[in-house]
2 protein chains.
Amino acid sequence: MTYSEEDYIKAIYHLSKDLKSFASTSDIAAQLDTKASSVTDMIQKLSDKKVVHYKKYQGVRLTEKGEIYAASIVRKHRLWEYFLVEKLNFSWDEVHDVAEELEHIKSEKLIERLDVFLGFPKMDPHGDPIPDQHGQIPDIKKILLSAMKDEQRGIVIGVKDSSSKFLRYLDKLNIALGTEIKVLEKEAFDNSMAIVIDHKTVHISAITAANIYIKT
Amino acid sequence: MTYSEEDYIKAIYHLSKDLKSFASTSDIAAQLDTKASSVTDMIQKLSDKKVVHYKKYQGVRLTEKGEIYAASIVRKHRLWEYFLVEKLNFSWDEVHDVAEELEHIKSEKLIERLDVFLGFPKMDPHGDPIPDQHGQIPDIKKILLSAMKDEQRGIVIGVKDSSSKFLRYLDKLNIALGTEIKVLEKEAFDNSMAIVIDHKTVHISAITAANIYIKT
DNA sequence: ATAATTTTTTAGACATGGCTAAATTAATAA
DNA sequence: TTATTAATTTAGCCATGTCTAAAAAATTAT
Ligand SMILES: [Mn+2]
Ligand SMILES: [Mn+2]
Ligand SMILES: [Mn+2]
Ligand SMILES: [Mn+2]
């Protein structure tokens, strides 16, 4: 597979994970910042290679083979992100683009040795699970901060949006993975929230709250 | 620069380092296992980009800009090789192909952080010098084992041929970087040598001796 | 049910990097 | 010095992955 094909496979994987079904041409185009026509071309190629199921105008879904391939790319991406943060002292908002390149390096041995070297991490720096060699993902129970009720406590274990912008905003709020929080009050008017972090009260918007995962 | 352009730049760098002048089209083709016509095409592109000096039928030489670029690729290649051996427990004959890919990852920060993490190594696993951020290479005095005289002692500090085949042969002979050796006798007939490694006598061919660097 | 709109596909083009075969230039031998 | 051989370049082709514009299909609104 080329780098480009791998990026498409990963995009389809993420889209059909979220939407739990078929990924549309335009969704894939949006995800990869490309044109729908380019997506159609590539989809047809991936269909020939039996990594996706495709019927014209029906969108696309990964085959068994495609799922396994996708999981291996995600595994590499997240292991490299972990490496960059834990070993090279990158911050969590700097790792994505580099991992986007590193995930395509073709060597089974490399990734398995990296896994050993890192101590078999289960989560990447954004709290996303790292698939194992067989593509299995441990699914951790988590809820969105926006779904929490007044007085409820929990620990931040992940983010839904892992853009640099959002992550740097969380840094400013002193919210990191592992941070303990308590909901003081959810405002009925706009769903904004007052929460307590390290004994200080912080106000966050509904959008922010809907992008933070919590373990209760 | 594309991966392909970078591989050409690196090939020209190595060739004109050795030959100390212009690299010919056919030498480059041989180095990169491609066709002369493809090389001519690429050379013309690199010339447009001002990374090489090129006059038809005269061969090619790196410009100042090209030299700096080449050194940065070699730096990345060798730092990654060091990482693979020292941190991921690869052996010295397994690292080249993976480094051939890793050298193209585009992130200044990545490579500088890697350098820090590795403790600023000066040599790669084959004894080749790692250029610094400015492309400077520390030149270490070394001679070929084939140039040594009877009874002379020295330490193995590098290899000229770093193919897997040769490296695995050295493993079999118990020759590694840092190994102390003593020349017992150089045979005038075929230039083969009897040498002492760890109190044992070993016989090597002239070809083998001409691919091992020694510090005396 | 038909019309308007959106989505998707197709057609045709371009850039990159590769190839083979033919033409050209340089190097070597007679 | 001329002929032969070797090296290099050019011409023309192919595959990949991208794009725009046009056509076709599906969806939504009237
Ligand atoms: Mn990628
Ligand atoms: Mn991540
Ligand atoms: Mn390379
Ligand atoms: Mn090396």
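Note that the structure is a prediction, hence the values are computed from the model and not measured. What's counted below: heavy atoms across the whole structure, side chains too, no hydrogens, waters or symmetry copies. Each chain gets a letter, A, B and so on, in the order the sequences are listed, and its residues count up from 1.
Residue Met42(A) has its side chain nearest to dT18(D) when only dG17(C), dT9(C), dT18(D) are considered. For Thr2(B), the side-chain atoms get nearest to dT16(C) when compared with the rest of dT16(C), dT18(D), dA24(D). Listed nucleotides dG18(C), dT8(C), dT10(C) differ in distance to Thr34(B); the shortest reach to its side chain belongs to dG18(C). The side chain of Gln44(A) sits closest to dT10(C) out of dT10(D), dT10(C), dG18(C). Side chain of Tyr57(A), nearest nucleotide from dA24(D), dT18(D), dA7(D): dA24(D). The listed nucleotides are dT9(D), dT9(C), dG17(C); the one nearest the side chain of Lys56(A) is dT9(C).
Contact check, Thr25(A) against dT9(C): a side-chain N or O comes under 4.0 Å of OP1 or OP2. In this structure, Tyr54(B) does not reach the dT8(D) phosphate: none of its side-chain N or O atoms is under 4.0 Å from OP1 or OP2.
The interatomic distance linking Lys35(B) (NZ) with dA11(D) (P) rounds to 21 Å, in whole Å. Distance, Asp27(A) CG to dT6(C) C1': 13 Å, rounded to whole Å. Summarising the geometry, the separation between NZ on Lys45(B) and C1' on dT9(D) is reported as 16 Å, rounded to the nearest angstrom. Across the protein-nucleic acid pair, Asp41(A) atom CG and dT7(C) atom P stand 19 Å apart, rounded to whole Å. Rounded to an integer number of Å, the gap from Met1(A) CE to dT16(D) P is 13 Å. Rounded to whole Å, the distance from CD on Glu6(A) to C1' on dT16(D) is 15 Å. Distance CG (Leu46(A)) to C1' (dT9(C)): 16 Å, rounded to an integer number of Å. For the pair Ile43(A) CD1 and dT18(D) C1', the computed distance is 15 Å after rounding to whole Å.
Counting non-hydrogen atoms under 4.0 angstrom, Ser37(B) reaches a base of the nucleic acid. At the heavy-atom level, Tyr3(A) lies nowhere under 4.0 Å from the strands shown. Using a 4.0 Å heavy-atom distance criterion, Ser38(A) is classed as a base contact. The residue Thr40(A) sits close to a base: some heavy atom pair falls under 4.0 Å.
Summarising the local packing, NZ of Lys50(A) is surrounded by 12 or fewer heavy atoms from other residues, nucleotides or ligands at distances under 6.0 Å.
With DNA chain D read from its 5' end, the first of the two nearest nucleotides for Ser26(B) and Asp33(A) is the one closest to Ser26(B).
Panel note: side chain Arg78(A), backbone Ile130(A); no donor-acceptor pair is recorded below 3.5 Å. Using modelled atom types, no side-chain atom of Lys87(B) and backbone atom of Leu118(B) make a donor-acceptor pair closer than 3.5 Å.
Of the charged side-chain nitrogens involved, none lies within less than 4.0 Å of a carboxylate oxygen, so that Glu6(B) and Lys76(B) do not count as a salt-bridged pair.
The distance from atom CG of Asp115(A) to atom CG of Leu110(A), rounded to the nearest 0.5 Å, is 11.0 Å. Here the CZ atom belonging to Arg75(A) is positioned 14.0 Å from the CD atom belonging to Glu103(A), to the nearest 0.5 angstrom.
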